[in-house]
Asker: 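Please see the structure below; I have some questions.
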Amino acid sequence: MQTSDIDTRIGTANTGSFSHGNTLPLTGVPFGMNYLSVQSVNEDTAWWFDPTEPQFTGIRLTHQPSPWINDFQHLQFLALTQAIAPNFEGDYRPQEATFAPDYLRLVEQTQGVTYEATNSTTGGALRFTASNHLTLRLTMPKRVTLVETTTHTLTLALQNFSACIDPDFTMWCTLRLPDTAEPATARLVDGQLDVALNTNQATVWFATSFISAAQAAVNLNRLPASFEELRAADAAAWQAKFDLIAITDHHPQRVATFYHNLYRALLFPMQFYETTETGETVHYDTTSRTVRPGKLFTNNGFWDTYKTAYPFYSLLLPTEYHNFLEGFLNSYRETGFLLGGSRLMNVA
């Protein structure tokens with residue numbers, strides 16, 4: 001099955017009272033450090049997406065594995081063509097949108113903006129197209145600091161999470177803007193930042209880091225030169241995993257069900273380590289509140305996956321399986337526990 005045949009919305013029709021799987025439509029790469037998704041509501045809630053809801057409030061950078069666990073270090077990207085109120089709620093046509101593992105596309109009707117997004121391990125790109133000049137709005141709840149602006153970049157420090165042993169746990173996000181943009185004039189007000197892009201077609205690049213602002217810049221510089229190149233690389237990362245198993249059945253829907261479930265199995269655990277400019281593998285240890293060498297992973301439910309996903313990984317993905325075990329060993333060395341669930345949010 002091809003990556004483009006996967007609809008990431010399957011299993012996402014959930015509420016607090018009824019579940020079809022408690023999943024979210026996540027776009028990125030297998031076991032990535034960030035994912036992108038569509039946000040349907042402006043409320044501060046873990047139930048922020050509904051596949052049938054035409055309401056649209058932005059593209060969300062998320063680390064949420066499930067509504068029961070909630071999110072950490074998240075923000076929204078919104079493109080505007082006219083001045084609007086802080087809590088803008090637009091709309092799109094879900095039946096005309098693309099929700100693929102490597103690619104998001106939709107048309108926001110109120111502002112007349114076409115959104116495209118693709119996302120690699122530590123960073124990605126959003127492309128906006130409209131008939132009028134665009135303004136980029138970033139919405140970031142709780143604590144956020146505008147760290148730096150240059151001619152075409154800006155860097156933010158975000159501190160929003162449901163719980164963490166480190167009260168100052170931070171994610172840095174660096175954005176590279178088109179040449180027409182004016183980041184120096186941007187002002188952060190009540191968790192929102194508006195940046196004039198001054199063009200009707202713009203690609204905004206972003207990268208994140210849990211290490212430092214400098215590491216976020218390193219991650220940004222590693223991204224490909226074009227949106228199409230990044231999307232192709234992301235699609236290839238998924239296709240390489242799908243091609244490991246060939247399924248045949250008289251009922252095409254059964255084949256589709258298998259590969260949609262395979263997509264889900266390749267989302268978690270999420271990477272929580274980075275590669276420095278000199279090639280060292282490092283991660284942030286929330287217990288000692290220091291940067292340590294080695295791999296680490298988060299957003300893993302050991303209570304379910306030890307007898308399902310991990311035997312599967314050991315057979316199909318031995319390299320990734322080895323990396324997971326190294327990360328869990330590092331977690332044990334730093335905390336004294338092999339943690340179930342999310343290391344970052346259950347260690348309070």
Side-chain angles (χ1 to χ4, degrees), residues 28-36 61-65 71-75 77 119-125 138 140-150 153-176 193 204-224 230 268-300 320 323-324 326-335 339 342-348:
V29 293
F31 312 116
M33 200 173 82
N34 307 302
Y35 291 118
L36 296 177
L61 187 151
T62 177
H63 301 92
Q64 179 170 305
D71 212 343
F72 66 92
Q73 314 303 38
H74 58 94
L75 70 153
F77 300 92
N119 180 38
S120 191
T121 302
T122 57
L138 302 171
M140 300 146 290
K142 300 180 182 176
R143 289 188 289 166
V144 58
T145 304
L146 180 58
V147 176
E148 181 184 35
T149 61
T150 65
T153 66
L154 60 85
T155 300
L156 299 152
L158 289 82
Q159 295 169 318
N160 59 68
F161 41 84
S162 59
C164 184
I165 195 170
D166 179 1
D168 296 317
F169 172 48
T170 301
M171 180 183 77
W172 287 267
C173 182
T174 295
L175 293 92
R176 184 167 66 237
L193 185 76
V204 174
W205 297 82
F206 70 89
T208 67
S209 173
F210 297 105
I211 305 299
S212 65
Q215 181 62 41
V218 170
N219 295 340
L220 183 66
N221 290 333
R222 288 185 174 137
L223 292 173
L230 178 59
F268 303 103
M270 293 177 71
Q271 179 175 315
F272 195 69
Y273 65 88
E274 301 166 54
T275 304
T276 67
E277 194 167 19
T278 57
E280 299 170 282
T281 299
V282 297
H283 65 270
Y284 183 70
D285 173 15
T286 57
T287 302
S288 66
R289 304 177 192 179
T290 59
V291 176
R292 292 184 177 272
K295 297 180 174 65
L296 199 70
F297 292 86
T298 190
N299 286 349
N300 172 69
E320 288 83 349
N323 291 338
F324 298 154
E326 180 183 337
F328 300 151
L329 180 58
N330 284 331
S331 180
Y332 168 74
R333 287 168 172 163
E334 292 163 11
T335 67
L339 301 174
S342 170
R343 167 192 166 88
L344 294 176
M345 297 189 292
N346 293 343
V347 191

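Any value given below was found using the heavy atoms of this structure, including those in side chains, with hydrogens, waters and symmetry copies removed.
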Asker: For T276 versus R222, what's the shortest heavy-atom pair and its separation?
Answerer: O-NH2, 2.7 Å

Asker: Can you see which heavy atom on A213 is nearest to which on T174, and at what distance?
Answerer: O-OG1, 4.1 Å

Asker: Closer than 3.5 angstrom, by distance alone: can the side chain of N119 be matched with the main-chain N or O of N34 as a donor-acceptor pair?
Answerer: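 Checked: pair present.
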
Asker: Any sub-3.5 Å donor-acceptor pair from D285's side-chain atoms to R292's backbone N or O?
Answerer: no

Asker: For a quick test of reading the model, state the closest non-hydrogen atom pair linking L230 to S120 and the distance between them.
Answerer: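 For L230 versus S120, the nearest heavy atoms are CD1-CB, 3.8 Å.
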
Asker: Spell out, as yes or no, whether a donor-acceptor pair under 3.5 Å connects the side chain of T62 to the backbone of Q64.
Answerer: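 Present.
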
Asker: I'd like to know if the side chain of N160 and the backbone of H74 have a donor-acceptor N/O pair within less than 3.5 Å.
Answerer: yes

Asker: For Q73, is there any backbone N or O sitting under 3.5 Å from a side-chain donor or acceptor partner on Q159?
Answerer: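 Judged by distance alone, no pair lies under 3.5 Å.
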
Asker: Treating S209 as the side-chain partner and I211 as the backbone partner, does any N or O pair qualify as donor plus acceptor under 3.5 Å?
Answerer: yes

Asker: Taking atom CG of L220 and atom OG1 of T208, what is their separation to the nearest 0.5 Å?
Answerer: 10.5 Å

Asker: Between R289 and I165, is there a donor-acceptor pair closer than 3.5 Å when you use the side chain of the first and the backbone of the second?
Answerer: yes

Asker: Between the side chains of E334 and H283, is a donor N or O closer than 3.5 angstrom to an acceptor N or O?
Answerer: yes

Asker: Report the C-alpha distance between F210 and Y273 in whole Å, list the side-chain angles of each, state the deciding distance to 0.1 Å, and finish with yes or no for ring pair (Phe, Tyr, Trp, His ring centres under 6.0 Å).
Answerer: CA-CA 8 Å; F210 297 105; Y273 65 88; over 10 Å; no

Asker: What are the two closest heavy atoms between P269 and F31, and how far apart are they?
Answerer: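 Reported closest heavy-atom pair: O-CD2, 3.4 Å.
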
Asker: Measuring from H63:NE2 to N299:CG, what's the distance to the nearest 0.5 Å?
Answerer: 8.5 Å

Asker: Is the side chain of T150 donor-acceptor paired with the backbone N or O of T153 at a distance under 3.5 Å, no angle test?
Answerer: yes

Asker: Do T121 and Q271 pair up side chain to side chain, a donor and an acceptor below 3.5 Å, judged on atom types alone?
Answerer: no

Asker: N300 and F268: side-chain contact (heavy atoms from CB on, under 4.5 Å), yes or no, with the steps?
Answerer: CA-CA 6 Å; N300 172 69; F268 303 103; 5.9 Å; no

Asker: What pairs with S212 under side-chain hydrogen bond (donor to acceptor under 3.5 Å, both in side chains), at least two apart in sequence or on another chain?
Answerer: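 For S212 there are no side-chain hydrogen bond (donor to acceptor under 3.5 Å, both in side chains) partners, ignoring immediate neighbours.
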
Asker: I need the L154 CG to L193 CG distance, nearest 0.5 Å.
Answerer: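 Rounded to the nearest 0.5 Å, the CG-CG separation comes to 6.0 Å.
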
Asker: Taking all heavy atoms of A216 and all of A207, pick out the closest pair and write down the distance.
Answerer: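 The pair with the smallest heavy-atom distance is O-CB, 3.6 Å.
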
Asker: Which residue is it: V204, L158, L156, V144? I am looking for the one with a side-chain contact (heavy atoms from CB on, under 4.5 Å) to L138.
Answerer: L156

Asker: Can you tell me how the ring of F324 sits relative to the ring of F297, calling it parallel under 30°, perpendicular over 60° and tilted otherwise?
Answerer: perpendicular

Asker: Find the distance between CE (M171) and CG (L61) and round it off to the nearest 0.5 Å.
Answerer: 5.5 Å

Asker: Does any non-hydrogen side-chain atom of L296 lie less than 4.5 Å from one of S331?
Answerer: yes

Asker: Please report the shortest heavy-atom distance between W205 and P224, naming the atom on each side.
Answerer: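 Nearest pair, atom of W205 first, then P224: CH2-O, 3.5 Å.
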
Asker: Between L329 and E326, does the side-chain contact (heavy atoms from CB on, under 4.5 Å) criterion hold? Intermediate values first, please.
Answerer: CA-CA 5 Å; L329 180 58; E326 180 183 337; 5.7 Å; no

Asker: Quick one about T287 and T335 (side-chain donor to acceptor, distance below 3.5 Å, no hydrogens or angles considered), yes or no?
Answerer: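 Checked: T335/T287 side chains show no N/O donor-acceptor pair below 3.5 Å.
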
Asker: How long is the span from the CG atom in D166 to the OG1 atom in T286, to the nearest 0.5 Å?
Answerer: 6.5 Å

Asker: Under a 4.0 Å threshold between the charged nitrogen and the carboxylate oxygen, would R143 count as salt-bridged to D168?
Answerer: yes

Asker: So, do Y284 and F272 have ring centers that fall under 6.0 Å from each other?
Answerer: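 Ring-ring flag for Y284/F272: false, centres at least 6.0 Å apart.
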
Asker: Would you check if the side chain of N330 reaches a backbone N or O of K295 as a donor-acceptor pair within less than 3.5 Å?
Answerer: yes

Asker: In terms of relative ring orientation, are F169 and F161 parallel, tilted or perpendicular, with 30° and 60° separating the classes?
Answerer: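 Aromatic pair F169/F161 classed tilted.
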
